[in-house]
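Everything on this sheet refers to the single structure shown next.
All values derive from a computational prediction rather than experimental measurement.
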Amino acid sequence: MQVNWNFIKLVALVLVIMWLYAFSNERNSAKNVTGMKVEFVGDQNLYLTEGTVNKLLIQNYGSLDNVPKENIVLNTVEKALEANEMVKSAQVYLTIDGELTSRIVQRKPIGRIEGNSKFYLDDEGKRMPLSNNHSARVPIITGNISGKSLEDVYVILEHINMDDFFRESVIGIHIKGEEEYQLRLRLNNFVVNIGGIEDLEAKFSNFKAFYAKANKDETLEDYAEVSLEFNNQVVCTKI
């Protein structure tokens, strides 16, 4: 019977590789955590700090320095971080050197509510607490705050953030009443009545055309109120 040495060599090579992998994995698991690192992804306006994240981990798990890597359940650590009201998502992993790294995506505020309670409205339309570390430069929401009005305000904010002109110009949204919303601008004293949230794209387009002409004619300061409520019209009230 002829011995197939090539097959034997192949089997031996596979066994050696498996042994090396198992040995390496065992040694790696036996290593301890050497330190912690926090990375914030995207927006660099920090509504929570690296110190806050480390404190949160310590409160939940105690000091993680020199803890065996095999004792760290990464998925559990991620869920603990995502429980923080400032965190949108978290990814936690261990480096080869044993450093526990947390990559955090913060929630993004797009409006600030100034009512009986004060909070942000984030880019998913959810309530987000204010931060002691950073104040977001976003439109201020005032007036008759309710669940329905905040839903409408979120739609308005989405349209504002899709347009460079409105994103730079609008500093506030006032809820005057049901289906009655007003914009306040950074550089002008007049208010912009937009009515309800229907046909916002057309309303915003009409206002930009009006603004460009009035700015060219140097008449912007002549108005106390600009209304977009009427069908495909811009109606102005002079001072």
Surrounding [atom1] of [X] (heavy atoms of other residues, nucleotides or ligands, distance under 6.0 Å), is the total greater than 12?
X	atom1	result
Glu201	CD	no
Glu218	CD	no
Lys238	NZ	no
Asn144	CG	yes

Arg103 vs Val41 side-chain heavy atoms within contact, under 4.5 Å:
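Yes, close enough: below the 4.5 Å cut-off.
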Determine whether Ile194 and Ile156 make a side-chain contact, defined as any pair of heavy atoms from C-beta on separated by less than 4.5 Å.
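A side-chain contact under 4.5 Å exists here.
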Donor-acceptor pair, distance only, cut-off 3.5 Å: does the side chain of [X] make one with the backbone of [Y]?
X	Y	value
Asn84	Met86	yes
Gln182	Val192	no
Asp122	Pro109	no
Ser146	Ser149	yes
Asp199	Ala202	no

Please enumerate all residues that pass salt bridge (charged side-chain N to carboxylate O under 4.0 Å, His left out) together with Lys37, with sequence neighbours excluded.
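Applying salt bridge (charged side-chain N to carboxylate O under 4.0 Å, His left out) to Lys37 gives Glu39.
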On a heavy-atom basis, which atom in [X] and which in [Y] lie closest, and how many Å separate them?
X	Y	value
Phe165	Ser169	O-OG, 2.7 Å
Asn215	Leu220	OD1-CD1, 3.6 Å
Glu82	Ser89	OE2-CA, 3.6 Å
Lys148	Tyr181	O-OH, 4.5 Å

Using a strict threshold of under 4.0 Å (side-chain N to carboxylate O), is an ion pair present between Lys208 and Asp163?
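So Asp163 pairs with Lys208 through a salt bridge.
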I'd like to know if Lys88 and Asp123 make a salt bridge, using a cut-off of under 4.0 Å between side-chain N and carboxylate O.
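Yes, charged N to carboxylate O under 4.0 Å.
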Within the 3.5 Å criterion, strictly below it, is a donor on Glu180 or Asn193 matched to an acceptor on the partner's side chain?
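Asn193 and Glu180 do not have a side-chain donor-acceptor pair below 3.5 Å.
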Test side-chain contact (heavy atoms from CB on, under 4.5 Å) on Arg186 and Val170; report intermediate values, then the result.
CA-CA 6 Å; Arg186 188 180 308 281; Val170 176; over 6 Å; no
Residue pair Leu48, Phe40: steps toward the side-chain contact (heavy atoms from CB on, under 4.5 Å) verdict
CA-CA 10 Å; Leu48 72 165; Phe40 292 99; 4.0 Å; yes
Begin from the C-alpha positions of Lys126 and Arg107 and carry the test side-chain contact (heavy atoms from CB on, under 4.5 Å) through to its verdict.
CA-CA 10 Å; Lys126 299 175 182 176; Arg107 295 174 66 187; 3.6 Å; yes
Students often mix this up, so state it plainly: with edges at 30° and 60°, are the rings of Phe204 and Phe166 parallel, tilted or perpendicular?
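Taking Phe166 first and then Phe204, their aromatic rings lie parallel (interplane angle under 30°).
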Steps toward side-chain contact (heavy atoms from CB on, under 4.5 Å) verdict (Leu56, Leu81)
CA-CA 7 Å; Leu56 178 63; Leu81 292 176; 3.8 Å; yes
Decide whether Ile197 and Val191 are clustered together by the hydrophobic rule: side chain heavy atoms of Ile, Leu, Val, Met, Phe, Trp, Tyr closer than 4.5 Å, transitively.
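Unlinked, Ile197 and Val191 end up in two clusters.
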Are Ile104 and Tyr120 co-members of a hydrophobic cluster defined by side-chain heavy atoms under 4.5 Å apart?
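Linked, Tyr120 and Ile104 end up in one cluster.
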Do Tyr211 and Tyr223 have ring centres separated by under 6.0 Å?
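Tyr211 vs Tyr223: aromatic centres not under 6.0 Å.
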